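A short write-up of the structure that comes next.
Here, residue 1 is the first one in the sequence, and each next residue gets the next number. Here the structure is a predicted model, which is why all the values come from computation and not from measurement.
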Amino acid sequence: MSRDVITDEAWQLIGEVFPPASTRGRPPVDRRTVVEATAWRFRTGSAWRDLPERFGNWNTIYENFRRWAADGVWEDLLAHVQRRASLQGEIDWVVSVDSSIARVHQHGATLPRDTGGWIELQEIRAGAA
């Protein structure tokens with residue numbers, strides 16, 4: 001197995017977040033392999049079916065990813081990493097967003113808009129009668 005996706009140091013930091021392997025059923029897939037395959041997939045933007053064979057069966061990797069997403073494991077991982085980095089002073093939480101200008105495309109400026117005014121006017125007239 002290639003360890004070129006996640007370093008040993010990084011795995012020591014995040015490995016504890018992932019659930020332990022089930023002792024029932026089929027032999028479990030190595031948690032680190034699933035995380036490395038997931039990282040490889042999102043880094044490259046490829047489809048799940050295009051995972052390299054070194055990660056094993058793509059469907060097994062996908063099912064673990066999906067199960068962990070449903071269980072909130074990925075959110076827990078993000079919170080764990082952010083908390084750790086924040087305690088070490090590695091995160092600057094100041095954010096500046098400038099949205100003072102939002103331009104419309106030249107062809108979008110003259111499109112007819114349905115504001116609902118006509119419908120409201122008709123409802124008022126019908127109620128007054």
Side-chain angles (χ1 to χ4, degrees):
M1 172 55 54
S2 172
R3 297 291 185 208
D4 61 349
V5 179
I6 296 178
T7 64
D8 291 333
E9 296 81 23
W11 182 250
Q12 287 177 352
L13 297 175
I14 65 172
E16 63 193 37
V17 176
F18 295 95
S22 175
T23 57
R24 296 181 292 157
R26 295 182 180 205
V29 177
D30 180 38
R31 299 300 184 222
R32 182 171 176 172
T33 302
V34 174
V35 174
E36 287 184 342
T38 303
W40 183 91
R41 190 255 181 206
F42 283 103
R43 188 186 73 220
T44 61
S46 67
W48 287 105
R49 290 179 184 262
D50 295 336
L51 282 174
E53 290 182 15
R54 69 177 188 238
F55 295 121
N57 185 346
W58 70 268
N59 195 39
T60 303
I61 301 296
Y62 169 73
E63 288 299 326
N64 279 282
F65 168 78
R66 187 187 57 77
R67 187 178 320 112
W68 291 349
D71 293 343
V73 174
W74 298 111
E75 289 86 0
D76 293 344
L77 175 64
L78 178 62
H80 175 77
V81 171
Q82 284 178 336
R83 182 173 43 254
R84 195 171 173 91
S86 182
L87 290 174
Q88 294 177 354
E90 297 175 353
I91 294 182
D92 183 10
W93 290 103
V94 177
V95 177
S96 176
V97 178
D98 180 16
S99 61
S100 59
I101 298 176
R103 296 188 179 182
V104 176
H105 188 270
Q106 64 184 358
H107 297 122
T110 59
L111 292 176
R113 294 180 293 160
D114 181 23
T115 59
W118 183 80
I119 295 170
E120 293 172 5
L121 180 62
Q122 296 302 317
E123 290 174 357
I124 292 172
R125 287 184 184 164

Self-check item: Side chain proximity check, Asp8 to Arg32, heavy atoms < 4.5 angstrom
Solution: yes
Quiz item: If you measure from CD on Glu36 to CZ on Arg43, what distance do you get to the nearest 0.5 Å?
Solution: 10.0 Å
Self-check item: Side-chain donor/acceptor of Arg49 to backbone N/O of Trp58, under 3.5 Å
Solution: no
Practice problem: Kindly check if the number of other-residue, nucleotide or ligand heavy atoms within 6.0 Å of CD (Glu53) is above 12? | Solution: no
Practice problem: Check Ala10 against Ile6 and note the closest heavy-atom contact, atom names and distance. | Solution: CB-CG2, 3.8 Å
Practice problem: Look only at the side chain of Thr38 and the backbone of Val34, and say whether a donor-acceptor pair between them is shorter than 3.5 Å. | Solution: yes
Practice problem: Determine yes or no for a side-chain-to-main-chain donor-acceptor pair under 3.5 angstrom, with Arg41 supplying the side chain and Ala47 the backbone. | Solution: no
Quiz item: Under 4.5 Å between side-chain heavy atoms, hopping through other hydrophobics if needed: is there a path connecting Ile61 to Phe42?
Solution: yes
Quiz item: By salt bridge (Lys or Arg N to Asp or Glu O under 4.0 Å), which residues pair with Arg66, not counting sequence neighbours?
Solution: Glu63
Quiz item: Is the centre of the Trp11 ring less than 6.0 Å from the centre of the Phe18 ring?
Solution: yes
Quiz item: For Ala37 and Leu51, which heavy atoms make the closest approach, and how far apart are they?
Solution: O-CD2, 3.5 Å
Quiz item: Could you go step by step and tell me if Val73 and Leu77 meet the side chain to side chain contact (heavy atoms under 4.5 Å, CB included) rule?
Solution: CA-CA 6 Å; Val73 174; Leu77 175 64; 5.5 Å; no
Exercise. Would you kindly confirm whether Leu13 and Val17 end up in one hydrophobic cluster when ILVMFWY residues are joined by side chain heavy atoms under 4.5 Å apart?
Key: yes
Self-check item: Of all pairs that satisfy side chain to side chain donor-acceptor pair (under 3.5 Å), the ones with a partner from residues 67-80, not counting sequence neighbours
Solution: Asn64-Arg67
Exercise. Starting at CZ of Arg83, measure out to CG of Leu78 and round the result to the nearest 0.5 Å.
Key: 10.0 Å
Quiz item: Checking side chain to side chain contact (heavy atoms under 4.5 Å, CB included) for the pair Phe55/Asp30: CA distance, chi angles, key distance, verdict?
Solution: CA-CA 10 Å; Phe55 295 121; Asp30 180 38; over 6 Å; no
